[in-house]
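We're numbering straight along the sequence, starting at 1. Every number for a ligand or one of its atoms is a count from 1 in the order of the listing.
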Amino acid sequence: MSISEELFERACRVIPGGVNSPVRAFRRLERAPFFVAKAAGAHLTDEDGKQYIDYVGTWGPAILGHAPECVISAVQAAVPQGLGYGIPTRIEVDMAETVCRWIPSIEKVRMTNSGTEATMSAVRLARGYTGRKYIIKFAGCYHGHVDSLLVAAGSGALTHGEPDSAGVPAEFANLTIVLPYNDCEAVRRAFAQHPGEIAGIIVEPFPGNAGFYLPRPGYLEFLREITAQHGALLIFDEVMTGFRISAAGVQGKTGIVPDITTLGKIIGGGLPVGAFGGRREIMDCVSPLGPVYQAGTLSGNPVAMAAGLAQLNYLEQNDSYTRLEQLGARLEEGVCRVLRDEQLPLTFIRDGSMFCLHFTTQPVYDLDTAMSGNFDMFRRYFHAMLEQGVYVAPSPYETGFISTAHTEADIDATVEAMQRALRHTCPKV
Ligand code: KE4
């Protein structure tokens with residue numbers, strides 16, 4: 001038995017499923033997860049000493065790779081000053097000013113401790129600001145484990161086949177309208193059926209929790225227009241795409257301006273941080289200024305702020321997005337060549353440093369088409385990649401992430417491993 005397997009046996013006795021977040025469990029992959037002993041740059045080392053090129057990156061935060069020197073030294077400098085006070089600090093102001101500078105649609109921002117807290121707060125704020133009760137979300141989009149949003153959710157909920165969680169009474173979910181992504185007519189019908197009652201739409205502008213796929217041309221612009229037309233708020237859940245797709249996320253790339261943005265992952269530099277922000281008139285509804293209550297003992301924790309701010313500053317000062325696009329384009333070129341060589345017209349989707357190989361030959365543009373992938377083929381591919389020392393997300397309903405710590409050699413080795421994996425695990429289509 002490996003050390004990871006021994007640790008997993010111990011973990012399963014004291015932690016539900018042996019993990020602190022379901023998608024880490026490798027549940028449908030018919031093997032125990034490996035346990036990480038250390039990580040640096042683009043590489044992980046497990047407890048048995050095996051090394052992996054990592055394309056999960058802590059599910060997005062590790063955009064500079066693991067344990068980047070700038071973050072480590074910022075945390076080391078912060079810790080001797082204290083670990084947290086529950087009293088305002090200078091670095092919280094520095095972080096808030098940085099977020100507002102990077103993302104122009106955000107004039108004020110509130111820190112939280114996770115993406116879930118950010119989306120929960122954003123939905124409450126949309127309801128409080130508009131005085132309306134319904135929220136629209138899209139099937140397959142995952143916005144954290146907020147009761148009212150755990151409806152037709154993606155990510156781990158999808159992986160484990162629980163898109164509608166137990167423990168969420170219908171009364172909690174009844175005010176959430178779930179629609180197919182990329183379907184304008186469905187949104188028009190919802191607003192027609194609920195005139196003056198829809199507080200907002202929450203959307204992953206580039207969905208990454210049913211695998212990665214993209215909006216059809218004009219779709220996000222349509223969401224922006226119809227929400228403005230009906231006095232509803234547009235919430236861009238950029239927990240995954242913020243500071244990733246561009247310095248200002250999808251809104252920075254597309255020019256589409258949401259009313260509220262939620263953030264997470266990269267903003268914490270690997271430590272627990274989320275945030276939500278928007279126009280001053282909306283954010284001034286948040287307590288203690290306004291009537292929408294929102295709070296958090298550890299929100300804006302100075303050590304977490306130091307980590308996140310160091311990561312953002314490095315990204316800004318090192319032309320990181322050009323580097324991420326170079327690496328992403330190299331991976332895409334290699335993957336497309338392999339798919340041609342192996343006569344496997346599988347669907348590969350990439351934008352910048354986010355990518356996904358869908359095990360279907362169909363175009364993927366919503367949950368249904370993402371679900372048309374062959375899970376067994378994915379499972380065989382996952383194992384074949386892991387055996388070759390490449391760690392891709394342990395679910396076909398997740399997104400791959402490249403970091404600035406990945407090298408051309410990592411990318412080329414990954415493409416070679418992918419060719420061997422596909423050749424031995426996937427029948428010619
Ligand atoms: P957290 O509460 O996990 O920090 O963030 C929730 C969240 C909100 N919005 C989006 C778009 C997200 O992708 C997430 C969390 N992402 C998943 C990965 N697909 C987290 C991984 C996990 O659940 O362990």
Inset, instruction - Considering heavy atoms of the protein only, find what lies nearest to atom 21 (C) of ligand 1 and give residue, atom and distance to 0.1 Å. - result: Trp59 CG, 3.8 Å

Inset, instruction - Applying side chain to side chain donor-acceptor pair (under 3.5 Å), name anything that partners Asp376, two or more places apart in sequence or on another chain. - result: Arg379

Inset, instruction - For atom 22 (C) of ligand 1, grab the closest protein heavy atom and report residue, atom and distance to one decimal in Å. - result: Ser21 OG, 3.3 Å

Inset, instruction - Side-chain contact test, heavy atoms from C-beta onward, threshold under 4.5 Å: evaluate it for Val23 versus Glu398 and give yes or no. - result: yes

Inset, instruction - Consider every N or O of Thr119 and every N or O of ligand 1, then say whether any pair is closer than 3.5 Å. - result: no

Legend entry - Nearest protein heavy atom with distance in Å, relative to atom 6 (C) of ligand 1: Gly144 CA, 3.5 Å

Legend entry - ligand 1-proximal atoms of Glu117, by part, heavy-atom distance under 4.0 Å: neither

Legend entry - Protein heavy-atom partner closest to atom 1 (P) of ligand 1 - residue, atom, separation in Å: Gly115 N, 3.6 Å

Inset, instruction - Examine the proximity of ligand 1 to Lys265 and report which part, side chain or backbone, both or neither, has a heavy atom under 4.0 Å away. - result: side chain

Inset, instruction - With atom 12 (C) of ligand 1 as the reference point, say which of Thr112, Asn209, Val203 has the nearest heavy atom. - result: Asn209

Legend entry - Between Tyr314 and Thr404, a side-chain donor and acceptor under 3.5 Å: no

Inset, instruction - Say whether, by atom type as modelled, one donor and one acceptor occur between the side chain of Ser320 and the main chain of Leu315 under 3.5 angstrom. - result: yes

Inset, instruction - Would you check if there is a donor-acceptor pair between the side chains of Glu204 and Tyr142 at a distance under 3.5 Å? - result: no

Legend entry - Residue and atom name of the nearest protein heavy atom (relative to atom 10 (C) of ligand 1), distance in Å to one decimal: Tyr142 O, 3.3 Å

Inset, instruction - Kindly indicate whether atom 3 (O) of ligand 1 is approached by any protein heavy atom to under 4.0 angstrom. - result: no

Inset, instruction - Report the nearest protein non-hydrogen atom to atom 18 (C) of ligand 1: residue, atom name, distance rounded to 0.1 Å. - result: Glu398 OE1, 3.5 Å

Legend entry - Region of His143 engaging ligand 1 - heavy atom pairs below 4.0 Å: backbone

Legend entry - Mode of Thr116 contact toward ligand 1 - side chain, backbone, both, neither (heavy atoms, under 4.0 Å): both

Inset, instruction - Decide whether Arg127 and Thr130 meet the rule of one side-chain donor and one side-chain acceptor closer than 3.5 Å. - result: no

Inset, instruction - Return yes or no for this condition: an N or O of His145 is under 3.5 Å from an N or O of ligand 1. - result: no

Inset, instruction - Give me the ring orientation class for Tyr213 and His358: parallel if the planes are under 30° apart, tilted from 30 to 60°, perpendicular past 60°. - result: tilted

Legend entry - Criterion salt bridge (charged side-chain N to carboxylate O under 4.0 Å, His left out) on Lys265 and Glu238, from CA distance to verdict: CA-CA 10 Å; Lys265 297 181 190 281; Glu238 298 226 46; over 6 Å; no

Legend entry - Closest protein heavy atom to atom 9 (N) of ligand 1, given as residue, atom name and distance to 0.1 Å: Asp237 OD2, 2.7 Å

Inset, instruction - Answer yes or no for Arg28 and Phe375: cation-pi contact, defined as NZ/CZ to six-membered ring centre under 6.0 Å and angle to ring axis within 45°. - result: yes

Legend entry - Any side-chain donor near an acceptor of the partner, Gln294 and Arg124, under 3.5 Å: no

Inset, instruction - Report, in ascending order of atom number, the atoms of ligand 1 lying under 4.0 Å from any heavy atom of Glu204. - result: 11 (C)

